[in-house]
Amino acid sequence: MKLYSTKHISADVDLKEAVLKGLPPDNGLYMPYEINPLPQKFWDHLDSYTFTEMAYHIAHNFIGDYIPSAELNKIIHEAYNFDAPLIEVGDYSVLELYNGPTLAFKDFGARFMGRLMGYFLRNNDKEVNILVATSGDTGSAVAHGFLNVEGIKVTILYPKGKVSEIQEKQFTTLGANITAIEIDGTFDDCQALVKQAFLDKELNEKLTLSSANSINIARLIPQSFYYIYAYKQLDDKSLPLYFSVPSGNFGNMTAGLFAKKMGLPVTKMIAATNSNDVFTVYHETGKFEPKQSVQTISNAMDVGNPSNFTRMMDLYGNDAEKVREDIAAYSYNNDQTADCIKKVFNDYNYVMCPHTAVGYLGLDEFVYENDLNPYYINGIILATAHPVKFGDVVEPLIEAHIHIPERLKSIINGKKQSVLMSADFNIFKTWLLSK
Ligand SMILES: *Cc1c(COP(=O)(O)O)cnc(C)c1O
């Protein structure tokens with residue numbers, strides 16, 4: 001599997017280098033040269049596959065024989081010991097992607113990446129430092145994905161006071177090879193610090209740095225699995241298929257576009273965002289203008305400069321018209337999101353997290369705007385997090401208590417450990433070198 005940089009300056013790399021480096025030195029993003037359609041045989045057998053069997057075939061379609069099949073199978077079996085059920089909610093279906101250890105869809109990418117890196121580093125003697133900026137859920141997924149993976153140290157940067165208490169607990173209580181840094185600033189500040197570290201010559205000479213954000217290609221490959229898994233679960237596969245994707249950095253969306261390239265018959269993808277609407281503005285105007293992020297109740301999508309936008313532009317040759325053919329885009333504010341959580345609970349007795357609610361609104365508006373009959377489509381909303389993670393927002397809206405899953409209870413009782421730091425690159429750099 002060969003990958004290129006979207007900037008076309010840095011040399012091509014193989015999968016191991018792309019995964020361990022994260023970002024190419026020219027500051028582009030790695031993209032696979034080929035995303036081949038899955039063979040007809042795969043689609044013919046899809047109904048009989050388990051999640052892991054299906055995932056193996058998709059991963060193999062990307063990776064080929066670069067990783068021995070027994071190893072690839074092992075990675076997939078260890079990573080996916082939880083399900084992604086498709087649930088009917090009113091006229092639509094919701095794909096629940098939050099049954100992993102951190103109760104969010106990022107477990108799909110992070111658990112695969114952690115094990116893939118572990119495999120690539122199995123004979124390494126040099127420690128790898130993974131730097132991650134998180135607006136909430138990436139941090140916990142990556143922390144859990146790498147917890148106790150030998151030869152890897154993880155540093156997580158998160159904006160002070162801007163993630164929920166449960167999110168914070170999920171990546172500050174683990175200890176072992178995981179360190180959390182609380183940055184006095186925004187998520188964009190955290191992301192900028194990480195980006196600058198990767199471009200810093202001295203740091204790269206002294207340390208082996210790697211990233212685990214949605215910019216790492218190892219997270220995108222497995223995120224394509226569940227789009228096809230949703231399709232597998234449909235009763236009538238002949239109806240037009242729509243996915244609404246609650247989006248922030250657009251990794252999830254990009255993975256869906258990969259699935260489409262592999263032959264998943266998607267009629268349209270819907271990019272649903274909160275008030276951080278740079279993609280929606282791009283969709284309307286053809287102009288991409290990154291902004292400061294603003295804080296919302298769907299905080300894992302509070303992104304002012306979506307990192308995977310570059311990959312999407314690469315897929316569509318920078319042509320906004322082509323983007324519009326495949327993707328619709330809508331944005332919603334906090335009030336609209338809150339009303340949707342309330343309405344769906346009252347109408348269908350179904351509890352959504354604020355991100356999922358943004359996705360619900362996107363599908364609903366698309367259906368309305370295009371005058372579609374919901375009975376004659378397959379409309380799927382990706383449920384990206386368990387509502388209990390956002391209990392402080394959701395519980396007052398539904399006026400009910402959300403049951404706390406067992407796997408969360410032990411985390412809530414853990415003790416927070418973090419390093420407080422201002423958003424200053426030199427301080428961050430000194431800290432990294434002193435470790
Ligand atoms: C990260 C995240 C998103 C946004 O996903 P992207 O791949 O960054 O677009 C949406 N919802 C939740 C709960 C998340 O954690």
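Whatever order the structure lists them in is the order used to number ligands and atoms, beginning at 1. These values consider heavy atoms only, across backbone and side chains, with no hydrogens, waters or symmetry-generated copies.
- Atoms of ligand 1 lying under 4.0 Å from at least one heavy atom of A385, given by number and element, are 13 (C).
- Residues F279 and F288 keep their aromatic ring centres 6.0 Å or farther apart.
- Between the R111 side chain and the D107 main chain, no donor and acceptor come within less than 3.5 Å of each other.
- In this structure, F108 has its ring center under 6.0 Å from that of Y226.
- Taking every non-hydrogen atom of A300 and a distance limit under 4.0 Å, the qualifying atoms of ligand 1 come out as 1 (C), 2 (C), 12 (C), 14 (C), 15 (O).
- Within the structure, ligand 1 has F105 among the residues with a heavy atom less than 4.0 angstrom away.
- Less than 4.0 angstrom separates some heavy atom of P246 from each of these atoms of ligand 1: 4 (C), 10 (C).
- Not one N or O of Q223 is nearer than 3.5 Å to an N or O of ligand 1, by distance alone.
- The side-chain heavy atoms of D302 and V294, taken from C-beta on, include no pair separated by under 4.5 Å.
- Scanning for side chain to side chain contact (heavy atoms under 4.5 Å, CB included) contacts around E165 gives K169, with sequence neighbours left out.
- When non-hydrogen atoms are compared, ligand 1 lies under 4.0 Å from the side chain of K106 (C-beta onward) but not from its backbone.
- For K237 and Y231, the positive end sits near the middle of the six-membered ring, less than 6.0 Å away and at most 45° from its axis.
- Using a 4.0 Å cut-off to heavy atoms of N252, the atoms of ligand 1 that qualify are 7 (O).
- Taking distance alone, with nitrogen or oxygen atoms compared against 3.5 Å, G251 approaches ligand 1 more closely than that limit.
- For F250, a nitrogen or oxygen atom sits less than 3.5 Å from a nitrogen or oxygen atom of ligand 1, counting backbone and side chain alike.
- If you look at Y4 and Y33, their ring centroids are closer than 6.0 Å.
- Where the criterion is an N or O separation shorter than 3.5 Å, residue side chain and backbone included, S247 fails it with respect to ligand 1.
- Within the structure, the closest approach of A104 to ligand 1 does not fall below 4.0 Å when heavy atoms are considered.
- Heavy atoms of M253 come nearer than 4.0 angstrom to ligand 1 in no pair at all.
- For the pair S418 (side chain) and A180 (backbone), a donor-acceptor distance under 3.5 Å is absent.
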